[in-house]
Amino acid sequence: MTAELFGGAGTMKLFRLDASIRTEGSVSRALADTAEQAWLAQHPSGVVVRRDLGLQPLPGDAWTALAHEVVNPAAPAPREAHALLDRLGAELLEADAFLFAVPMYNWNVPEQVKTWIDLILKHPQVGVHGDWPLKGKPAILTLSRGGGYGPGSPKEGWDYATPYLRRILADVFGLDLHIAEAELTHAFWDPKMESLRGLAEESMKTGHEQAAEHDVRVAQLIGA
């Protein structure tokens, strides 16, 4: 599941989670690449631990089995479900900093991200009944939205992804969260949004600047 092994003792570790189903042309991935490069520039010997939910989504029945186990202890979840939960928790517990790259799909987080969050929330240490082991650790969230959702826009208030992720990552996990975002990304390919392409380019430029600035700051927070 993870693309790279954890480094040795004393090695700084960045956990990166990607969620876009696209590998080419993904804005959330591109913003995260900028942030990752900025972090590695500060930590040349650092290790990036990756989980790509877009390419390798988690099994949806794992959470169902683990939840059913709580209400019916006589029917324990399969060992595979517990092993998966242990791996997901270890990826977070062993990281010094975090990078989450998430696109908005259908005005909310992608299904594969919700599955990951639901599983993590069942982890005995990281989840809702844990003791906040991630509290205060720095994190970057790179967000992409195909349309515009700012004040005064026709779809103001339709973005349910950003407040939800902020609630989970900052308020539930206790991470020191920094956000880099880009809007109107569909303007790059949708002829109906061609008139918004200039605004989209400006939003993209700002998003990359935010990603680089935030991750330099994140690197400094953990002793660059």
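- Side-chain N or O atoms of Ser153 include one that pairs as donor or acceptor with a backbone N or O of Gly150 at under 3.5 Å.
- Residues satisfying the salt bridge (charged side-chain N to carboxylate O under 4.0 Å, His left out) criterion with Lys137, sequence neighbours excluded, are absent altogether.
- To the nearest 0.5 angstrom, Arg51 atom CZ is 5.0 Å from Leu88 atom CG.
- With sequence neighbours excluded, the residues that form a side chain to side chain contact (heavy atoms under 4.5 Å, CB included) with Lys122 are Trp63, Leu66, Val70, Leu85.
- Under the 4.5 Å side-chain heavy-atom criterion for Ile, Leu, Val, Met, Phe, Trp and Tyr, Ile168 and Val128 are members of the same hydrophobic cluster.
- A salt bridge is absent between Lys13 and Glu94: the closest approach of a Lys/Arg side-chain nitrogen to an acidic carboxylate oxygen does not fall below 4.0 angstrom.
- When all heavy atoms are compared, the tightest approach of Tyr105 to Ala19 is OH-O, 4.5 Å.
- Residues meeting the side-chain hydrogen bond (donor to acceptor under 3.5 Å, both in side chains) test with Glu69, sequence neighbours left out: His82.
- Checking Thr162 against Arg145 by side-chain atom types alone, a donor-acceptor pair falls below 3.5 Å.
- Under the rule for a ring pair (Phe, Tyr, Trp, His ring centres under 6.0 Å), the partners of Trp158 that lie at least two apart in sequence or sit in another chain are Trp107.
- Partners of Thr115 according to the side chain to side chain contact (heavy atoms under 4.5 Å, CB included) rule, which considers only residues two or more places apart in sequence or in another chain, are Leu58, Glu111, Leu119.
- The aromatic rings of Phe98 and Phe100 sit parallel, their planes meeting at an angle under 30°, below the 60° perpendicular limit.
- Of all the heavy atoms in Arg29 and Leu55, the pair that sits closest is NH2-CG, 4.1 Å.
- For the atom pair CD of Glu36 and CG of Leu31, the computed distance is 13.0 Å after rounding to the nearest 0.5 Å.
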>> Under the criterion side chain to side chain contact (heavy atoms under 4.5 Å, CB included), I'd like the reasoning laid out for Leu121 against Phe173: C-alpha separation, chi angles, the key distance, then a yes or no.
In response: CA-CA 9 Å; Leu121 292 180; Phe173 293 167; 3.8 Å; yes
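- Of all heavy-atom pairs spanning Ser20 and Asp52, the tightest one is O-OD1, 4.5 Å.
- Both Leu93 and Leu175 are members of a single hydrophobic cluster when ILVMFWY side chains are connected at heavy-atom separations under 4.5 Å.
- Trp116 and Leu17 make their closest contact through CE2-CD1, 3.4 Å (heavy atoms, listed as atom of the first residue, atom of the second, distance).
- When all heavy atoms of Leu99 and Ala35 are compared, the pair lying nearest together is CD1-CB, 3.9 Å.
- Under the 4.5 Å side-chain heavy-atom criterion for Ile, Leu, Val, Met, Phe, Trp and Tyr, Val109 and Tyr149 are members of distinct hydrophobic clusters.
- Considering CG of Leu134 and CG of Leu169, their distance stands at 10.0 Å, rounded to 0.5 Å.
- The OG atom of Ser26 lies 9.5 Å from the CD1 atom of Ile21; values are rounded to the nearest 0.5 Å.
- Residues that satisfy the side chain to side chain contact (heavy atoms under 4.5 Å, CB included) test with Ala41, not counting sequence neighbours, are absent from this structure.
- Annotation: side chain to side chain contact (heavy atoms under 4.5 Å, CB included) contacts of Ala74 (sequence neighbours excluded): Asn72.
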> Can you list the steps and then say if Ile120 with Asp118 is a side chain to side chain contact (heavy atoms under 4.5 Å, CB included)?
Replying inline: CA-CA 6 Å; Ile120 290 294; Asp118 285 343; over 6 Å; no
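- Residues passing the salt bridge (charged side-chain N to carboxylate O under 4.0 Å, His left out) test with Arg167, sequence neighbours excluded: Asp171.
- Sorted by first then second residue, the salt bridge (charged side-chain N to carboxylate O under 4.0 Å, His left out) pairs that include residues 59-68, not counting sequence neighbours, number zero.
- Using a 4.0 Å cut-off between charged nitrogen and carboxylate oxygen, Glu91 and Arg16 do not count as a salt-bridge pair.
- Side-chain contact check for Val102 versus Pro110: some heavy-atom pair is nearer than 4.5 Å.
- At a threshold of 4.5 Å between non-hydrogen side-chain atoms, the residues Pro133 and Asp131 count as touching.
- Closest approach of Ala62 to Leu84, counting heavy atoms only: CB-CD2, 4.0 Å.
- Rounding to the nearest 0.5 angstrom, the gap separating the NE2 atom in His43 from the OG1 atom in Thr11 is 11.5 Å.
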>> Before you tell me yes or no, could you show the steps for Asp159 and Met104 under side chain to side chain contact (heavy atoms under 4.5 Å, CB included), namely the whole-Å CA-CA distance, both residues' side-chain angles and the distance that decides it to 0.1 Å?
In response: CA-CA 8 Å; Asp159 174 9; Met104 185 176 74; 3.4 Å; yes
>> Using side chain to side chain contact (heavy atoms under 4.5 Å, CB included), reason through Leu165 and Ile117 one step at a time and then give a plain yes or no.
In response: CA-CA 10 Å; Leu165 289 168; Ile117 289 172; 4.2 Å; yes
